[in-house]
Protein chains: 2
Amino acid sequence: MPDERTAPGSPAPAGEGARRRPTSADVARRAGVSRATVSFVLNDNPTQRISPATREAVLAAAAELGYLPSPHAAALRSGRSKLVLMLVPHWASSETVMRYLELAGSHLAEHGLLSVTHIERSAPLRELLTAVHPAAVLSLVPLSDEESALLAQAGVVEVHGYIADFPDRTRTVTLNQEHMGHAQATHLVDRGYDRLVYVAGPEIGHPIRPAGRLAGARAAADEHGVPLEHRTYRTEDELAALVDAWHSSEGRLGVCAFDDVTALEVLASLRTHGVDVPGHVGIVGMDDIPAARFSEPPLTTVRPQLGPQALAVAHATLEALDVPFDDTEKVASGEMPVAAVVQRSST
Amino acid sequence: MPDERTAPGSPAPAGEGARRRPTSADVARRAGVSRATVSFVLNDNPTQRISPATREAVLAAAAELGYLPSPHAAALRSGRSKLVLMLVPHWASSETVMRYLELAGSHLAEHGLLSVTHIERSAPLRELLTAVHPAAVLSLVPLSDEESALLAQAGVVEVHGYIADFPDRTRTVTLNQEHMGHAQATHLVDRGYDRLVYVAGPEIGHPIRPAGRLAGARAAADEHGVPLEHRTYRTEDELAALVDAWHSSEGRLGVCAFDDVTALEVLASLRTHGVDVPGHVGIVGMDDIPAARFSEPPLTTVRPQLGPQALAVAHATLEALDVPFDDTEKVASGEMPVAAVVQRSST
DNA sequence: CTGTTAGCGCGTTCAC
DNA sequence: GTGAACGCGCTAACAG
């Protein structure tokens, strides 16, 4: 690691777009008042009375200078920042997850909390905390004990908004995986499939295990007295073998796929083998990706309900930070309606 | 808004994880040295000689206390932060874009810059700058004049890493759209299609216009003396009409689709109409989404090369911040190899 | 009432 | 190796 500080190559680091940011002192000077007054006006401090005249003068000066209070100074003084840091594992940066974070971020913004996302991998948490000091960290996956300790020491509140089933910690909201499998299986049973299979392909680079979804599907199968098997495949050939067996089986088989991409792969194999879909075999995916609409036949799928989840995690964050919020619409994290079947053909 | 501060529900808001963060003064006390010494040791300040003994003492004390320097105090003092804020419009939070940001973030991290992402929509930039004061802002889309002015006033460097063709500003790196269309058209011509169509569907919620990609496709068509038409559809019926016309046309028609989802939709319609793909009509998508592998037939597509783009934008950022970097691998932004054809069947 | 002075919070850095 | 000042916004104590 060539640890050259200021390389000889760059002679004058000045000049850059680095114009000095106007400070409250600048505003005070321009308005002909003290810095304290500026602060009182700009923060609408109710413990102080300021004449409309000076008030106007200060606001005008601030506007003309394009004054922005320094987050550093403010946070340093008050000890609390308005920032929420969302931690996303790099394998989870999907569109769905991003929409989830966006929704949660909107809710937090309504309560004065700004949120930014860090896609983990580029730098360890310890280093990250060297650059930002958020009021809270919202993690989509469990944090290690070291990381938790780090946050505790830094006085940063820890909130968990899991996108998969992980062991609960304090302040945990989880996108319930059981519901997903349950919805898939129920849909298939309702459509008259009298035998179920839960299928997962090779997991490519993410640690979400089918266990939760499978358990949900199994529960639904049990409720209806329908048998359910669990199958996985690692290669195209293994998948072909599965499909082959299904082809020559009796009755109507319902397939719950781990996700839409898996479902599309299975569906492709079913086509290749000339299996009658949805007549002999029915299949349901999970996620409702755009491509699901255009397969042959179009894929039935289950869409996660991100709205309630996002709201719940936002509430958990607000609560942890002692920010008051209207809890009439508070969502019970245990009863979140996380999945709904999207009706399409294919079954 | 019921502005109750400490809700009756939570009796003792104390005890929270809010233990006071240890400061450099704490470390100094514990090590029996001055705060200045602590700073020198922890920053490996080369202008100061510290005896190994004190050095050890300081490091030990810091470790025992779990000391983390406050980013606020550091930034306040030094005037510069190590943070890069990436701005993503909410319509662009796709997997591809996230991978792009992740790659750029990794490069920046190698040079001591930490990056966080803000998905625009939840809060305006002005408010955001109230919570974080980054050294640079990296935006994926053009900023408004107000926003630019805001950043300039705040002394924040502005870098553009466009994911589509937008008018260039200073420090702009663009994921060249022409290359994409060019690659699609070239592939089709190479496969013997003697007539081309560029197709775009209804754009759903994003402002990326096909113009650049279309122009690239046209250029490729011209190079080979092949005619190219531009077609758009808004509804399924309009698409059906297009496909119908193609069905009864002469020769071999090559279709360049705006993106993979569009391609899959067109492909579905081609199937419905019984068009011979890839015999009579060939089609190429753009993006290489996972689902492309499982359509009927599997979709040929073009994958954007994010690596060079990410590297280029990271370099642009480092340059703007006067951070020295090894520019032997510097990428010329004008000549970025942004697209490569992924071989599949279908054509 | 209206506004000012002074000092804090924390890490960095200059001068001794 | 240390003392002290600094960067910037907030607010308790105080004066007009």
Side-chain angles (χ1 to χ4, degrees), chain A residues 5-6 18-59 61-62 65 67-82 129-133 153-155, chain B residues 18 20-59 61-62 65 67-82 129-133 135 153-155:
Chain A
R5 279 218 146 286
T6 316
R19 169 144 86 277
R20 197 179 65 81
R21 179 171 176 145
T23 74
S24 84
D26 295 324
V27 177
R29 225 181 330 272
R30 198 167 215 284
V33 297
S34 74
R35 287 165 54 215
T37 306
V38 171
S39 178
F40 291 144
V41 170
L42 264 35
N43 296 325
D44 277 321
N45 190 320
T47 73
Q48 301 284 330
R49 310 251 114 244
I50 305 290
S51 75
T54 16
R55 181 184 196 71
E56 278 315 307
V58 169
L59 291 175
L65 292 172
Y67 169 72
L68 282 178
S70 153
H72 299 310
L76 180 57
R77 173 66 190 147
S78 68
R80 46 175 71 254
S81 93
K82 305 192 293 180
L129 290 181
T130 284
V132 283
H133 187 176
Q153 277 173 340
Chain B
R20 196 179 65 82
R21 179 171 178 146
T23 74
S24 85
D26 296 324
V27 177
R29 223 179 332 271
R30 201 169 213 286
V33 298
S34 72
R35 289 163 54 213
T37 307
V38 172
S39 176
F40 292 145
V41 170
L42 264 35
N43 297 325
D44 278 320
N45 190 321
T47 72
Q48 302 283 329
R49 307 249 118 245
I50 306 287
S51 78
T54 18
R55 179 185 195 70
E56 279 314 308
V58 169
L59 290 175
L65 292 172
Y67 170 70
L68 283 176
S70 153
H72 298 310
L76 180 57
R77 173 64 194 153
S78 68
R80 48 176 68 255
S81 94
K82 305 193 292 180
L129 290 180
T130 285
V132 284
H133 187 175
Q153 278 172 342

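Chain identifiers are assigned alphabetically (A, B, ...) following the order of the sequence lines, protein sequences preceding nucleic acid strands; residue numbering begins at 1 within each chain.
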Note to self: If the cut-off is 4.0 Å, is Ser51(A) near the phosphate of dG3(C), judged by side-chain N/O to OP1 or OP2?
What the structure shows: yes
Check: Taking atom P of dG11(C) as reference, at what distance in whole Å does atom NE2 of His133(A) sit?
Finding: 11 Å
Notebook entry, point to check: Starting at CZ of Arg77(A) and ending at C1' of dA12(D), how long is that distance when rounded to a whole Å?
Noted result: 9 Å
Next item on the list: Remember a base hit wins even if backbone is also touched, and classify Val38(A) as base, sugar-phosphate or nothing at under 4.0 Å, heavy atoms.
Entry: nothing
Note to self: What contact category does Thr54(A) fall into here, base, sugar-phosphate, or nothing, at under 4.0 angstrom with non-hydrogen atoms?
What the structure shows: sugar-phosphate
Notebook entry, point to check: Is a side-chain N or O of Arg21(A) found less than 3.5 angstrom from the main chain of Pro69(A), in a donor-acceptor match?
Noted result: yes
Item checked: Under 3.5 Å donor-acceptor, Ser81(A) side chain and Ala75(A) backbone -> no
Check: Is any side-chain nitrogen or oxygen of Asn43(A) closer than 4.0 Å to OP1 or OP2 of dC10(D)?
Finding: yes
Next item on the list: Round to a whole Å and report the spacing from CZ of Arg80(A) to P of dT11(D).
Entry: 12 Å
Notebook entry, point to check: Base, sugar-phosphate alone, or nothing: which one does Ser70(A) contact when heavy atoms must sit under 4.0 Å apart?
Noted result: sugar-phosphate
Check: In whole angstroms, how far is the P atom of dT2(C) from the CZ atom of Phe40(A)?
Finding: 13 Å
Check: If you check every side-chain atom of Ala73(B), which of dC10(C), dC1(C), dG9(D) has the closest atom?
Finding: dC10(C)
Margin query: I want to check one thing: is the phosphate of dT12(C), taken as OP1 and OP2, less than 4.0 Å away from some side-chain N or O of Ser24(B)?
Written below: no
Check: Does a side-chain N-to-carboxylate-O contact under 4.0 Å join Arg55(A) and Asp44(A)?
Finding: yes
Notebook entry, point to check: In terms of side-chain heavy atoms of Thr23(A), which of dG11(C), dG3(C), dG9(D) is nearest?
Noted result: dG9(D)
Check: Given atom CG of Asp44(B) and atom P of dT13(C), what is their separation to the nearest angstrom?
Finding: 13 Å
Next item on the list: Using the six-membered ring wherever Trp is involved, compare the ring planes of His72(A) and His72(B) and label them parallel, tilted or perpendicular (cut-offs 30° and 60°).
Entry: tilted
Note to self: Whole angstroms only, please: what is the CG-C1' distance between Leu76(B) and dA5(D)?
What the structure shows: 13 Å
Check: Any side-chain N or O of Asn45(B) less than 4.0 Å from the OP1 or OP2 oxygen of dT12(C)?
Finding: no
Next item on the list: Could you check if a side-chain atom of Ile50(A) sits within less than 4.5 angstrom of a side-chain atom of Thr37(A), using non-hydrogen atoms only?
Entry: yes
Margin query: From CG of Leu68(B) over to C1' of dC10(C), roughly how many Å is that when rounded to an integer?
Written below: 14 Å
Next item on the list: Could you check how far CZ of Arg35(A) sits from C1' of dA6(C), rounded to whole Å?
Entry: 10 Å
Note to self: Pick the closest DNA chain C nucleotide for Pro69(B) and for Thr47(B) by heavy atoms, then say which residue is nearer the 5' end.
What the structure shows: Pro69(B)
Note to self: For a quick check of understanding: with a heavy-atom distance under 4.0 Å over all strands, which category does Leu42(B) fall into, base, sugar-phosphate or nothing?
What the structure shows: nothing
Item checked: Per Gln48(A) side chain, nearest of listed nucleotides dC1(C), dG9(D), dA13(D) -> dA13(D)
